[in-house]
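Single-structure report; data block below.
The chain is numbered in sequence order, starting from 1. Order of appearance sets the numbers: ligands from 1, and atoms from 1 within every ligand.
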Amino acid sequence: MAPQIKYTKLFIDNEWVDSQSGKTFDTYNPHDGSVIASVAEGDKADIDLAVAAAKRAFHRNSEWRLMDASQRVRILTKFADLVKRDSEYIAELESYNNGMVMNLAHRFIGSCDNSIRYIASLADKIQGSTIPVDGDLFSYTLKQPVGVCGLILPWNVPVLMFASKVITALAAGCTVVVKPAEQTPLTALYLTALLVEAGLPKGVINVVNGYGETAGVALTHHPDVAKISFTGSHEVGKLIQQAAGANNLKRVTLELGGKSPLVIMDDADLNQAVPFAAFGVFTHQGQICIAASRLYVHSKIYDKFIAAAIEYAKTIKVGDPKDPKSTQGPQIDKSMLEKVMGYIEKGKQEGAKLVTGGKRIGNTGYYIEPTIFVDVKDDMTIAKEEIFGPVQNILKFDTLEEVIDRANATDFGLAAGIFTSNVENALQFSKHVEAGVVWVNTYLATSVHAPFGGFKGSGLGRENGFDCVNAYLEVKTVTMALPKKC
Ligand code: NAD
């Protein structure tokens, strides 16, 4: 049975409201393309109201600003309890609106629980320092919330992204306006209701569903928004940074895409490397920013690896995300299906060898066969651009020196990995590869405890880790003259 849809409106100043224009848009089930619900469509007028509410809630005398930091911890921890209480429903809703297979939805909700509790626990550990400046002066720093934050979410892992961005901003003491991705608004709305149930004061969280070109642009250009945190495409990331510079010099955190290299050395344990390489690129039908979408395999084991990779890909069970046996679901929507199929065509045209998959499955829903290209060359489109689909691209290399340079020859720099039994290889690769996250003999092993973010065109700033709240804080230096010596 389909999960019940409880919230479809905008949430502004503690009220569920229709948009000012009265417009709505449909949200879909990627399994069969059917309409799940009509959702209120916000634009500039609604963003203005939401930002005004968040600004009032950020006033120095507001309940939120006067609240003890330890009470912030309690509210956010209670939110974690409520997410746990409703985890089955949230997983079903995520899967229904996003196409994520249930198994993965459960894993993500589980890691949300960790994320929320860890980040919440940082709220009362924000500390400044005392500084030994010269002269008869006493100098110290205060770390203070930056203000109203605009949080723009992607569609690929909506619950995890909501938890990470919203809870970090709130732990820091900011107020927020959230714009969920237009494809997947439903879990963000439900989580907002849980935050209110947990005791968040009026106006601290506001949610405006809508499109990037309208609601998103209004948020990124709003003069009363102090910071934008965004996860999504490289192209939109650049627009957001321009918008931030165009008016009030907003602080910006950007988590953008990647074209992450995974290197398999000739001394790697293939029983480990083959499944991890597949896991790295086929998980969530390839719709993850850290997908291992350039797989460099050493020439000595190239043919053997390919044979094993094809065998492995054939074990992937593509099907209805609700079915517990499915390990791969549909792409998010028709446009992403067409985009990924376009890349597959491009791969064939440019001379890569298709060894398995490559076709759409059926005519309803947005399913694509797990696909492997071999003999891929660095200058082919499928080796350069983020595909965001279930496409493994295998490239051949001869030496570690060579593969490090090839791995770095991209504008992206989000993640990288190496499988090897030689610690020298692991250390050299980890030192020289240009990526914010590097894995050795594993892949996709992320954790809220460790910083996450990209080098180069993959982003700006870091999320997660002990310092994550700093991205939502300003540092104020206070210097006082000491009284005359006694
Ligand atoms: P996108 O970057 O267009 O959208 C992400 C979010 O930004 C959505 O909430 C969208 O409404 C908003 N947005 C779009 N244009 C905006 C603008 N001008 N100003 C402010 N907000 C704006 O991503 P997409 O179109 O959904 O996906 C396109 C590609 O992005 C994918 O193929 C994939 O390569 C990449 N992507 C990456 C991630 C990631 O985790 N890094 C997530 C989703 C998509």
With atom 7 (O) of ligand 1 as the reference point, say which of F230, Y211, Y343, F388 has the nearest heavy atom. F230
Only heavy atoms count here, so choose which of I387, N209, I290, N156 is nearest to atom 42 (C) of ligand 1. N156
H234 contact mode with ligand 1 (heavy-atom cut-off under 4.0 Å): neither
Ligand 1 contact on E235 by region, counting heavy-atom pairs under 4.0 Å: neither
Would you mind telling me if ligand 1 is within reach of the side chain of Q287, the backbone, both or neither, using heavy atoms under 4.0 Å? neither
Using a strict threshold of under 4.0 Å (side-chain N to carboxylate O), is an ion pair present between D379 and K377? no
For atom 39 (C) of ligand 1, tell me which residue out of P154, C289, G454 has the closest non-hydrogen atom. C289
N/O to N/O below 3.5 Å, does that happen between M336 and ligand 1? no
Which is closest to atom 16 (C) of ligand 1 in terms of heavy atoms, V236, L414, L256? V236
Run the salt bridge (Lys or Arg N to Asp or Glu O under 4.0 Å) test against D26 and tell me which residues pass, sequence neighbours left out. none
By side chain to side chain contact (heavy atoms under 4.5 Å, CB included), which residues pair with A193, not counting sequence neighbours? Y7, W16
With heavy atoms only and a cut-off of under 4.0 Å, state how L219 meets ligand 1: side chain, backbone, both or neither. neither
